[in-house]
Amino acid sequence: MTMTDENGTAAAQVPAATSARLPLAGNKAGGDNAAGVPASPATIDPEVWPGVAHAPSGAKAVIAGKAAGLLFKAAVRRLPLQVAYPDGSVLGTGGPGAPVMTMLRPEDFERRIGDNGLIGLGESFMAGDWEASDLAGVLEVFAASVDTLIPKPLQTLRTLYLPRTPRQERNEEQNTRSNISRHYDLSNELFANFLDTTMSYSSALFPRSEGALDSVPWEALAEAQQAKIDRLLDKAGVRSGTRLLEIGTGWGELALRAAARGATVYSVTLSSEQRALAQERIAAAGYADKVTVALQDYRAVEGEFDAVVSVEMIEAVGYEYWPIYFQTIDRVLAPGGKVAIQAITMPHGRMLATRNAYTWVHKYIFPGGFLPSVRAIEGVTQQHTTLRVRERMGMGDHYAATLRLWEERFMARSQEVGELGFDAVFQRMWLFYLCYSRAGFQSGYLDVQQIVLDRREAQL
């Protein structure tokens, strides 16, 4: 999975706090409050969490905080939620059953969003300035209203204060492995604590026979992940004898299923941790002679392949490198070959408006990432390649269901995650990421598409 948000504002240029396993800070990681959310520690190590340990201070921060507080209160007064303050006041139009955002340190919250915008929203949750028993529900309200949270006159000034992506996080070849490593090399054990047995870190595809997607059980997830993979392999025409290129190995499930069909698989990844476990799984299944997993940038791939499959990897490519991504696929695809990708997408207008933004997700989760629109994929392939989009299927509601299951599993494994060395601030950060992502799909702000491309000539 590669997920990015937007609407970020100025953030300190510091290394992502997720670059390594972290020492426990303050109270025991995994100590849950009544809502099941890891409790924030009484003290936070500023060397580990420089953007979280202390709220901005000084006269400028106070003024910016007061202004941000007024804007925030004006926005939430008309939103279908409840924002409860320590003095007993409650803002919002939400009635009984509406999601509740409980302010614990409103001044710190306001200073953080005054200084860092939506980066501050995430950091304030990590610090424990506010809580929510239904975090995804609160964030879904914000996601559904993203175009109107800030008054239009102020929106026109965004480009004056939105930070640009740091040079060291742009997805040039010398940076890409570092960007990928900061997320995917955290710990295979961390991911194993909330993923299913297939170790698939992308949207599943649930059969409708399972019932409503908002209530599908954990036991249905592994089979739904395999169904997602099988549909992509079918659409790419992968069968016995197929030479398959996979861009983005993950932990090897797609390569395993392709090899089981009799395909020969060349899979590339930039995550050394993922590669090691993928190779173990492939060897254990008896397919080591059918699958090669290379620690290699996609741009360096050579050879010819009958099919190319890539699952939720384009989001890590970067806006300016999409032509190279598709040109590489075009270059190695054999005549008559097919391409099947799974991509998280966002509306084209929002994509254009935010393509240079630096956000909370960039800072803490996915440096260098950016979500395409369907229109962008169609435009890039038409302008820069011989490939054409032939078919696509949206399945955003399936991603919301997948994320709900991951979120529930992650919270249930809080103690185990803490024992791996991931402190309470990390756990609150990861929970915010999962819930923010789910909110995007539940609100319809985000979608995920399975897209099939080939070189067939247009019919005259």
Side-chain angles (χ1 to χ4, degrees), residues 1-4 196 198 200-214 216 220-239 242 244-248 250 253-254 257-258 261 306-317 322 325-326 329 333 337-348 350-351 370-382 385 387-406 437-438 440-456 458-459:
M1 175 183 181
T2 305
M3 168 79 188
T4 59
D196 64 89
T198 70
S200 297
Y201 189 38
S202 52
S203 179
L205 180 60
F206 296 93
R208 292 298 181 180
S209 59
E210 288 292 339
L213 285 172
D214 60 1
V216 291
L221 182 56
E223 186 175 345
Q225 290 288 8
Q226 292 175 336
K228 170 271 303 294
I229 291 170
D230 289 344
R231 186 179 188 278
L232 287 166
L233 294 177
D234 289 345
K235 291 298 180 179
V238 176
R239 59 181 70 87
T242 297
L244 172 65
L245 169 64
E246 180 188 22
I247 301 178
E253 186 69 16
L254 188 146
R257 295 189 74 77
R261 294 184 176 206
D306 304 306
V308 179
V309 177
S310 186
V311 181
E312 294 180 28
M313 188 273 178
I314 189 175
E315 305 89 341
V317 168
W322 291 339
Y325 172 79
F326 284 109
I329 294 174
L333 187 67
K338 291 186 176 181
V339 181
I341 68 172
Q342 185 163 304
I344 303 171
T345 60
M346 65 189 302
H348 191 69
R350 299 304 301 174
M351 186 207 78
F370 189 64
L371 305 183
S373 66
V374 171
R375 181 175 164 187
I377 292 173
E378 291 174 337
V380 168
T381 52
Q382 288 175 5
T385 75
L387 301 172
R388 297 295 180 267
V389 173
R390 300 302 181 188
E391 179 185 338
R392 61 185 180 88
M393 179 186 74
M395 43 190 275
D397 52 347
H398 292 257
Y399 220 147
T402 304
L403 283 156
R404 173 182 59 80
L405 294 172
W406 289 347
S437 302
R438 177 156 71 98
F441 291 104
Q442 287 181 169
S443 67
Y445 181 78
L446 299 176
D447 199 359
V448 63
Q449 302 272 341
Q450 286 195 351
I451 301 174
V452 181
L453 306 97
D454 65 23
R455 297 195 186 101
R456 283 179 293 168
Q459 298 297 315

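All values below come from the heavy atoms of this structure, side chains included, with hydrogens, waters and symmetry mates left out.
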Item checked: Side chain proximity check, E312 to V448, heavy atoms < 4.5 angstrom -> yes
Check: Do side-chain atoms of R390 reach the backbone of L387 as a donor and acceptor pair under 3.5 angstrom?
Finding: no
Next item on the list: Look at the side chain of R257 and the backbone N and O of I229, then say whether any donor-acceptor pair between them is shorter than 3.5 Å.
Entry: no
Next item on the list: Look at the rings of Y201 and W406 and say which category their plane angle falls in: under 30° parallel, 30 to 60° tilted, over 60° perpendicular.
Entry: tilted
Margin query: If I take atom OG1 from residue T381 and atom CZ from residue R455, how far apart are they, to the nearest 0.5 angstrom?
Written below: 12.5 Å
Checklist line | Within-4.5 Å side-chain heavy-atom neighbours: V317 and F326 | finding: no
Margin query: Nearest 0.5 angstrom please: E223 CD to D230 CG, how far?
Written below: 10.0 Å
Notebook entry, point to check: If every non-hydrogen atom of V238 is compared with every non-hydrogen atom of A258, which pair is closest and at what distance?
Noted result: CG1-CB, 4.3 Å
Notebook entry, point to check: Of all heavy-atom pairs between I344 and P372, which one has the smallest distance, and what is that distance?
Noted result: O-CD, 3.3 Å
Checklist line | H398 side chain vs L205 backbone, donor-acceptor pair below 3.5 Å | finding: no
Next item on the list: Kindly compute the distance separating CG (L244) from CG (D306), expressed to the nearest 0.5 Å.
Entry: 9.0 Å
Next item on the list: Decide if atom CZ of R239 counts as having more than 12 heavy atoms of other residues, nucleotides or ligands within a radius under 6.0 Å.
Entry: no
Next item on the list: Answer whether the closest heavy-atom distance between the side chains of M393 and R231 falls below 4.5 Å.
Entry: yes
Next item on the list: Identify the two heavy atoms, one from A376 and one from S373, that lie closest to each other, and give their separation to 0.1 Å.
Entry: N-OG, 2.9 Å
Check: Would you call L453 and L333 a side-chain contact if the rule is heavy atoms closer than 4.5 Å?
Finding: no
Note to self: Looking at every heavy atom in both Q342 and S203, which two are closest together, and how far apart are they?
What the structure shows: NE2-O, 3.3 Å
Check: Which pair of non-hydrogen atoms, one from L213 and one from R404, has the smallest distance, and what is that distance?
Finding: O-NH2, 3.5 Å
Checklist line | Closest non-hydrogen atom pair between A236 and A307, with its separation | finding: O-CB, 3.6 Å
Notebook entry, point to check: In terms of side-chain heavy atoms, does K228 have a donor or acceptor partner in S200 at a distance below 3.5 Å?
Noted result: no
Note to self: Determine whether a donor-acceptor pair (N or O, by modelled atom type, separation under 3.5 Å) exists between the side chain of Q225 and the backbone of S202.
What the structure shows: yes
Notebook entry, point to check: Would a 4.5 Å heavy-atom cut-off, applied to side chains only, mark V374 and Q449 as touching?
Noted result: yes
Next item on the list: Drop me the distance from T402's OG1 to L221's CG, to the nearest 0.5 angstrom.
Entry: 6.0 Å
Notebook entry, point to check: Is a side-chain N or O of D447 found less than 3.5 angstrom from the main chain of G396, in a donor-acceptor match?
Noted result: yes
